[in-house]
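Per chain, numbering begins at 1; letters A, B, ... match sequence-line order.
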Number of protein chains: 2
Amino acid sequence: MNEPEIHTTDYEAALREAGVRITRPRRVILGILADMGDHPDAMEIFQRAVAIDSGISLSTVYRTMKLLEGIGAIHRHAFAGGPSRFEPAVGEHHDHLIDIDTGDVIEFQSDKIEELQNEIAHRLGYEIVHHRFEIYGRKRKKR
Amino acid sequence: MNEPEIHTTDYEAALREAGVRITRPRRVILGILADMGDHPDAMEIFQRAVAIDSGISLSTVYRTMKLLEGIGAIHRHAFAGGPSRFEPAVGEHHDHLIDIDTGDVIEFQSDKIEELQNEIAHRLGYEIVHHRFEIYGRKRKKR
DNA sequence: ATGCAGTTGCAAATGATTTGCAACTGCATT
DNA sequence: AATGCAGTTGCAAATCATTTGCAACTGCAT
Ligand SMILES: [Mn+2]
Ligand SMILES: [Mn+2]
Ligand SMILES: [Zn+2]
Ligand SMILES: [Zn+2]
């Protein structure tokens, strides 16, 4: 009858794995990450964190995001014209379409494009380390 | 027997068109643009400019880049982990592969990818305003 | 040659992110 | 449960790229 909070625990396991301490601020941030359905920036994460524990600092948010990025637990996206946004690194790889009017981020995935990328890189004599594919668009007026 | 310097003149025409004055600093920067074969950042452009006219300021480089970007004469690329880089907006659209070891920028073009992008955006109900497609890679070890 | 709005250089401001440092606190060890 | 100390934190100050206020200049239309 009790819901095990698998999400948070998973992250904590990953952190212990990485040999870092599970502190109060980190636990709060991990909790936020666990049910993060969007792509918030550091300030937004900071505000969500403060709502849970008012003692947390923005520095710690930045430090924790960097730490999590380092162990591959989250992805950082530097979309055009704004601060970095983050998202948990769970699930399949995908790219993003950013609504330039609202800032909304829509995810999409194209095996074809990923494949073409590889062909291109190899043709040029390179191995892909990572890539960035972002479409900036405006909602098509309904007809 | 004389080589007409069409490049610089072209830019100047575009600027006059936009109703701005052709000043000394601008003429210098336009000259640099005209035979820019790479993707330099503002500081690099500033240094090339100073080598021609020591009185030019970095602010003016930034202001001029913004101006030129505004009239569509150049493109600004905010590649990962560094300052914006610029390139004249001549020729076909292309995307970039960045060598993460050297910073070198290699251009490529794929009609297929551009087309797939359009399909994706339209399927999601959006019109593409612009996009960013960057491959970050490392030179494949020769075998 | 003249006038003035557009430009410039310089310094200071900005915004996002990082960092130095002294005060804390997990947590492995008694 | 008490102890010790390296890892962490909050805060303020620093960094970095870029922008901006402002007073001094200068294209260029008249
Ligand atoms: Mn995403
Ligand atoms: Mn290019
Ligand atoms: Zn992708
Ligand atoms: Zn493209």
Under the rule of Watson-Crick or G-U wobble with both distances under 3.5 Å, where | means paired to another strand and [ ] a crossing pair, DNA chain D maps to ||||||||||||||||||||||||||||||
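Between His93(B) and Gln109(B), the side chains place no donor N or O within less than 3.5 Å of an acceptor N or O (distance only, hydrogens not considered). Side chain to side chain, Gln117(B) and His131(B) meet the donor-acceptor criterion of an N or O pair below 3.5 Å. Between the side chains of Glu127(A) and His122(A), not a single donor N or O lies within less than 3.5 Å of an accepting N or O.
For the pair Arg138(B) and Asp99(B), the minimum side-chain heavy-atom distance is 4.5 Å or more. Within the 4.5 Å cutoff, no side-chain heavy atoms of Ile106(B) are placed close to those of Ile135(B). Looking at Phe133(A) and Arg132(B), their side chains never come closer than 4.5 Å, going by heavy atoms from C-beta outward. Between Phe46(A) and Glu44(A) there is no side-chain heavy-atom pair separated by less than 4.5 Å.
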Between the protein and nucleotides 27-30 of chain C, are there any N/O to N/O pairs under 3.5 Å, and if so, what are the atom names and distances?
residue: dC27(C); atom: OP1; partner: Ile22(A); partner atom: N; Å: 3.1

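Bounding nucleotides for the chain B contact on DNA chain D, 5' to 3', at a heavy-atom distance below 4.0 Å, are dA17(D) to dC28(D).
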Show, in sequence, the C-alpha distance, side-chain angles and deciding distance for Met43(A) and Leu58(A), and conclude whether the side-chain contact (heavy atoms from CB on, under 4.5 Å) test is met. CA-CA 7 Å; Met43(A) 181 54 72; Leu58(A) 182 54; 3.7 Å; yes
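Where Ser59(B) and Val61(A) each meet DNA chain D at their nearest nucleotide, the meeting point lying more 5' is that of Val61(A).
Between Asp53(A) and Arg24(A) there is a salt bridge, since a side-chain N of the basic residue sits under 4.0 Å from a carboxylate O of the acidic one. Under a 4.0 Å N-O distance rule, the pair Asp38(A)/Arg48(A) qualifies as a salt bridge.
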Which atom pairs, donor and acceptor, lie under 3.5 Å between side-chain atoms of residues 70-83 of chain A and protein residues at least two apart or in another chain?
residue: Arg76(A); atom: NE; partner: Glu69(A); partner atom: OE1; Å: 2.9
residue: Arg76(A); atom: NE; partner: Glu69(A); partner atom: OE2; Å: 3.4
residue: Arg76(A); atom: NH2; partner: Glu69(A); partner atom: OE1; Å: 3.0
residue: His77(A); atom: NE2; partner: Glu87(A); partner atom: OE2; Å: 2.6

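Taken residue by residue, residues 40-55 of chain B places heavy atoms nearer than 4.0 Å to DNA chain C at Gly55(B). Remark: Lys66(A), Pro83(A), Ser84(A) in residues 65-86 of chain A come within less than 4.0 Å of DNA chain C through at least one heavy atom.
Hydrophobic clustering, with ILVMFWY side chains joined whenever heavy atoms are under 4.5 angstrom apart, groups Leu33(B) together with Ile45(B).
Using a 4.0 Å heavy-atom cutoff across all strands shown, Arg26(A) reaches sugar-phosphate atoms only and no base atom.
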